[in-house]
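Every chain is numbered from 1 and lettered A, B, ... according to where its sequence line falls, protein lines coming before strand lines. Scope of the values below: all heavy atoms of this structure, side chains included, with no hydrogens, waters or symmetry mates.
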Amino acid sequence: MAKYNSHILVCGGTGCRASQGEEIVENLTRAIEENGIENEVQVVRTGCFGFCEKGPVVKIIPDNTFYVHVSPDDASEIIAEHLVKGRKVNRLLFVDPETQQAVSESKDMGFYKKQLRIALRNCGFINPENIEEYIARDGYAALGKALTSMTPEEVIKEIMDSGLRGRGGGGFPTGLKWDLTRKVESDVKYVVCNADEGDPGAFMDRSILEGDPHSVLEAMAINGYCTGASNGLIYIRAEYPLAIQRLKIAIDQARESGLLGKDIFGTGFDFDVEMRYGAGAFVCGEETSLIHSMEGLRGEPTVKPPFPSEKGYKGKPTNVNNVETYANIPVILLKGSEWFSRIGSEKSKGTKVFALAGKVNNVGLIEVPMGTTLREVIFDIGGGIKDGKKFKAVQTGGPSGGCLTEKHLDIPIDYDNLLQCGSMMGSGGMIVMDEDDCMVSMAKFYLDFTVEESCGKCAPCRIGNKRLYEMLDKITKGNGTEEDLARLRNLSNVIKDTSLCGLGQTSPNPVLSTMENFPEEYLAHVKDGKCPAGQCRSLMEYVIDEDKCVGCTLCSRVCPVDAISGDKKMPHVIDVSVCIKCGACMEKCKFGAISVQ
Amino acid sequence: MSEVKQMVKELANQYGRSNESLLPILQGIVTKELHISEEAMIEVARELDMSAAQVYGTATFYSFLDTRPTGKYVIRVCKTITCMMHGKNQIIRELENLLKIRLGETTHDGVFTLLETNCLGQCHKGPAMLINELPFTELTPEKVRKIIIEYRNREISAN
């Protein structure tokens with residue numbers, strides 16, 4: 001194998017690839033050849049670096065220089081200056097927004113300073129399509145350790161002691177789940193990886209599978225050893241083509257290397273993994289639905305118990321864990337439960353990956369110890385709110401979670417604290433909202449999502465959520481009454497108490513938590529017919545500023561309902577009773593004379 | 001043997017004839033035919049020895065299994081909250097103008113179908129869309145125009 005002096009890591013996650021990542025790799029390779037240094041420098045396509053806001057990102061090893069917003073045209077300069085002459089390309093370095101200084105190493109950036117990467121340890125460091133790079137970073141060492149020097153009970157005890165809890169949202173103790181599956185007697189058992197990530201705002205499972213697929217395969221094999229299963233199944237959503245492709249490559253390479261298949265490490269342990277594809281149904285992220293979907297049925301949930309650990313896929317004991325949970329396992333076995341349990345808060349150990357999205361400066365993927373506060377996540381790592389606006393709320397846990405507000409900023413984030421605040425961990429999506437976002441519309445959005453994704457099996461979820469949506473729609477259109485608010489609350493509680501699965505039991509959370517935290521906003525909609533955030537169109541009025549209007553007549557010509565009148569070169573007026581609030585006039589006005597109130 | 005029958009048989013040979021084979025077979029039909037016709041559902045039921053109602057039930061449950069004819073390229077625009085914050089509606093309007101169809105429709109020449117879908121997991125790079133299996137991110141009306149022109153040209157040179 002050739003030995004290289006330098007490596008150029010190029011982000012190969014879906015996001016950066018779509019923004020010319022492939023061209024960057026091609027141009028870098030070409031420039032390396034042109035400079036005749038192809039024996040010294042290697043270009044590596046890695047998984048996501050997490051700092052998606054600044055993508056495409058390129059990192060040079062060994063000096064750890066971190067280039068941001070790289071375009072294919074920059075490739076020749078990076079090679080000629082940095083690799084040949086040893087001078088950094090200053091204009092591509094990250095500039096600290098506070099000090100205005102260029103920062104060249106990622107460890108000095110605010111975005112990375114407070115992070116601790118366990119599940120994401122290999123994302124952005126290795127080429128996910130090369131098993132040797134994974135092995136070089138202790139890959140499959142944990143599987144080897146488990147198979148050759150530990151009993152299944154010892155492995156499970158290690159996982160239990162570590163305090164790891166399910167990262168898919170529920171937070172069930174992982175070791176306990178494994179132990180339950182192990183204790184059920186059966187000739188055949190299954191290990192399932194739930195990669196049906198569907199929460200709006202969450203994309204960590206995709207990034208782990210794109211950037212470090214072997215860590216999941218290794219953990220599934222360890223689980224197979226503990227529970228006595230020799231069949232692994234990965235249920236992945238069809239929306240993730242790149243993750244599917246990388247998993248397939250990883251499975252093939254692991255089989256070739258004898259790390260999947262028969263008689264692994266010569267211990268007589270057999271384990272292999274198959275892929276199953278979802279077909280666009282959010283509810284299949286619920287474990288019983290997922291199992292039904294793999295069985296060729298409609299992805300509808302069933303009442304638990306029996307839990308999958310007793311009766312799952314094809315009626316056999318099945319252990320279902322989520323991608324991020326699996327990604328933690330190899331590290332725990334190698335570094336020990338004591339090390340892992342020192343990280344995090346009292347009841348939530350380890351780290352959690354969060355996907356930052358919405359109105360925050362640094363969108364991307366971050367991993368922090370449990371117990372980190374929201375303030376640290378949003379302001380220190382996330383770099384605060386976009387365009388200097390005011391922070392209003394952050395929605396965690398997707399459609400099952402709730403919103404957290406300014407008063408929650410200093411609460412340490414863990415499973416239990418989030419539940420107490422009326423939200424939940426969920427899979428770790430964080431959608432940040434600023435003063436321009438209307439909380440009633442936000443709740444309505446999530447209900448729209450739930451109505452569409454409800455499988456329709458139980459009445460509270462199928463009918464109840466639809467009614468909730470209709471009431472919210474009525475409120476955002478200015479037709480709501482105060483009685484509606486009481487009805488909303490009442491119905492929400494009924495749905496929570498009577499729905500069959502997690503989807504329905506949590507679907508009213510966005511409504512309840514926004515009502516709890518922003519009661520004045522709901523009242524403004526129903527009492528005054530006003531939307532304080534200025535987002536609900538039906539509650540707004542378009543007006544023309546007489547001083548700014550020059551009478552060009554453009555607005556009156558684009559108005560589809562002829563609501564605007566006025567003579568040429570004279571200020572125009574909008575007839576509010578005719579206006580349908582389409583906003584076409586405001587888009588067209590070249591003088592900024594039209595505004596909404 | 002009719003074409004559909006032949007195709008279903010081949011897929012069943014590939015994926016097996018148990019209950020668990022149903023979803024992979026239906027996905028195989030969509031890859032080949034773009035949608036699952038009633039005829040295909042009945043064939044699958046016969047081949048797997050299950051009721052046609054079960055096949056219909058499964059086929060209609062999943063949003064990526066189309067049971068109505070679609071265009072050659074299915075465009076699915078993410079409608080999730082972060083993509084909405086970043087101007088998803090503008091993207092849809094642009095696509096509607098470019099393709100001269102409304103949301104949910106297929107172009108006259110059967111090339112494009114325009115749909116909305118739930119979260120594509122590209123929340124950091126919104127607005128996003130899938131064209132068949134290929135994701136496109138950080139869309140702007142200009143970018144969308146370019147992409148559609150590219151697909152159109154490809155279609156013209158293929159014919």
Side-chain angles (χ1 to χ4, degrees), chain A residues 14-19 52-53 55 197-207 237-244 276-282 284 293-300 313-314 355-359 363-365 395 398 429 431 433 436-437 442 445-446 448-449 452-453 455-456, chain B residues 15-28 30-31 44 48 50 54-66 76 78-86 89-90 93 115-126 128-130 132-139 143 147:
Chain A
T14 305
C16 283
R17 254 164 72 121
S19 33
C52 308
E53 177 73 30
E197 177 178 61
D199 270 11
F203 49 90
M204 57 284 294
D205 292 352
R206 173 175 65 75
S207 281
R237 63 200 297 238
E239 287 92 329
Y240 289 173
L242 187 63
I244 292 175
R276 291 299 171 80
Y277 308 109
F282 172 73
C284 289
S293 177
M294 293 201 301
E295 291 171 337
L297 303 169
R298 292 165 74 89
E300 288 171 352
Y313 184 55
K314 295 200 212 172
L356 276 181
K359 306 271 181 71
V363 296
L365 212 54
Q395 171 81 11
I431 298 175
M433 277 161 274
D436 296 337
D437 293 309
M442 212 261 318
F445 168 83
Y446 280 109
D448 181 34
F449 178 88
E452 199 165 294
E453 295 295 346
C455 76
Chain B
Y15 294 111
R17 289 179 167 74
S18 57
N19 281 348
E20 299 83 58
S21 320
L22 179 57
L23 206 52
I25 290 175
L26 293 177
Q27 284 163 333
V30 173
T31 316
V44 173
L48 269 55
M50 56 174 66
Q54 192 192 332
V55 178
Y56 179 82
T58 302
T60 50
F61 185 80
Y62 298 94
S63 65
F64 275 46
L65 300 179
D66 292 299
R76 297 175 205 267
C78 179
K79 62 170 190 178
T80 302
I81 192 156
T82 41
C83 284
M84 198 153 82
M85 284 175 173
H86 290 123
N89 287 339
Q90 246 182 314
R93 214 179 309 149
L115 300 173
E116 273 186 326
T117 187
N118 275 325
C119 192
L120 294 177
Q122 304 288 351
C123 320
H124 53 321
K125 295 264 175 188
M129 66 178 181
L130 281 181
N132 289 353
E133 288 191 337
L134 217 60
F136 294 89
T137 55
E138 290 179 287
L139 297 172
K143 216 166 156 182
I147 294 166

Open item on the list: Tell me the closest heavy-atom pair linking B:Cys119 and A:Asp199, and the distance in Å.
Closed with: SG-O, 3.8 Å

- [ ] With the side chain counted from C-beta on, respond yes when B:Phe61 and A:Ser293 share a heavy-atom pair under 4.5 Å apart, and no when they do not.
- [x] no

Open item on the list: Among residues at least two apart in sequence or on other chains, which ones pass ring-ring contact (aromatic ring centres under 6.0 Å, His included) with A:Tyr240?
Closed with: none

TODO: Select one option (side chain, backbone, both, neither) describing which atoms of A:Leu297 are under 4.5 Å from chain B's heavy atoms.
DONE: both

Task: Student check: side-chain heavy atoms of B:Thr80 and A:Phe445 closer than 4.5 Å - done: yes

Open item on the list: Test your reading of the model: is there a side-chain donor-acceptor pair from B:Gln27 to the backbone of A:Gly278, 3.5 Å cut-off?
Closed with: yes

Open item on the list: For a 4.5 angstrom cut-off between non-hydrogen side-chain atoms, does A:Glu239 reach B:Phe64?
Closed with: yes

- [ ] For residues B:Met85 and A:Asp437, determine if any side-chain heavy atom of one lies less than 4.5 Å from a side-chain heavy atom of the other.
- [x] yes

- [ ] May I ask you to name which of B:Asn118, B:Leu120, B:Val30, B:Leu48 has the most heavy-atom pairs under 4.5 Å with chain A?
- [x] B:Asn118

- [ ] Kindly give the heavy-atom pair with the smallest separation between B:Pro135 and A:Pro241, and that separation in Å.
- [x] CD-CG, 4.1 Å

TODO: For B:His124 and A:Leu365, run side chain to side chain contact (heavy atoms under 4.5 Å, CB included): C-alpha distance rounded to whole Å, both residues' side-chain angles, the deciding distance at 0.1 Å, then the answer.
DONE: CA-CA 9 Å; B:His124 53 321; A:Leu365 212 54; over 6 Å; no

Open item on the list: Checking the side chain of B:Thr58 only, and the main-chain atoms of A:Gly296 only, is there a donor and an acceptor separated by less than 3.5 Å?
Closed with: yes

Open item on the list: Heavy-atom cut-off 4.5 Å, strictly under: side chain, backbone, both or neither for A:Glu453 against chain B?
Closed with: side chain

Task: Spacing of CD belonging to A:Glu53 relative to NZ belonging to B:Lys125, to within rounding of 0.5 Å - done: 8.0 Å

Task: Atom group of A:Asp205 that falls short of 4.5 Å from chain B, counting heavy atoms - done: neither

Task: Stepwise side chain to side chain contact (heavy atoms under 4.5 Å, CB included) check, A:Tyr446 with B:Ile81 - done: CA-CA 8 Å; A:Tyr446 280 109; B:Ile81 192 156; 3.8 Å; yes

- [ ] For residues A:Glu452 and B:Lys79, determine if any side-chain heavy atom of one lies less than 4.5 Å from a side-chain heavy atom of the other.
- [x] yes

Task: Side-chain (A:Glu197) to main-chain (B:Gly121) donor-acceptor, under 3.5 angstrom - done: no

Open item on the list: Which one wins on heavy-atom pair count under 4.5 Å against chain B: A:Ser207, A:Gly398, A:Cys52?
Closed with: A:Cys52

Open item on the list: Which atoms of A:Ala355 are under 4.5 Å from chain B, going by heavy atoms: the side chain, the backbone, both sets, or neither?
Closed with: neither

- [ ] Of all the heavy-atom pairs spanning B:Thr60 and A:Arg298, show the shortest one and how long it is.
- [x] OG1-NH1, 3.7 Å

Open item on the list: How close do B:Thr82 and A:Gly358 get, counting heavy atoms only, and between which atoms?
Closed with: CG2-N, 3.8 Å

Task: Minimum-distance pair of heavy atoms, taken over all atoms of A:Ala279 and B:Tyr62 - done: O-CB, 3.3 Å

Open item on the list: Can you tell me which portion of B:Met50 sits under 4.5 Å from chain A's heavy atoms? Options are side chain, backbone, both or neither.
Closed with: neither

Task: Proximal component of A:Cys455, with respect to chain B [non-hydrogen, under 4.5 Å] - done: both

Task: Enclosure of B:Gln90 CD (heavy-atom neighbours >12, cutoff 6.0 Å) - done: no

TODO: Could you walk me through whether B:Leu23 and A:Arg276 pass the side chain to side chain contact (heavy atoms under 4.5 Å, CB included) test, one step at a time?
DONE: CA-CA 9 Å; B:Leu23 206 52; A:Arg276 291 299 171 80; over 6 Å; no

Task: Minimum-distance pair of heavy atoms, taken over all atoms of B:Ser63 and A:Gly280 - done: OG-O, 2.8 Å

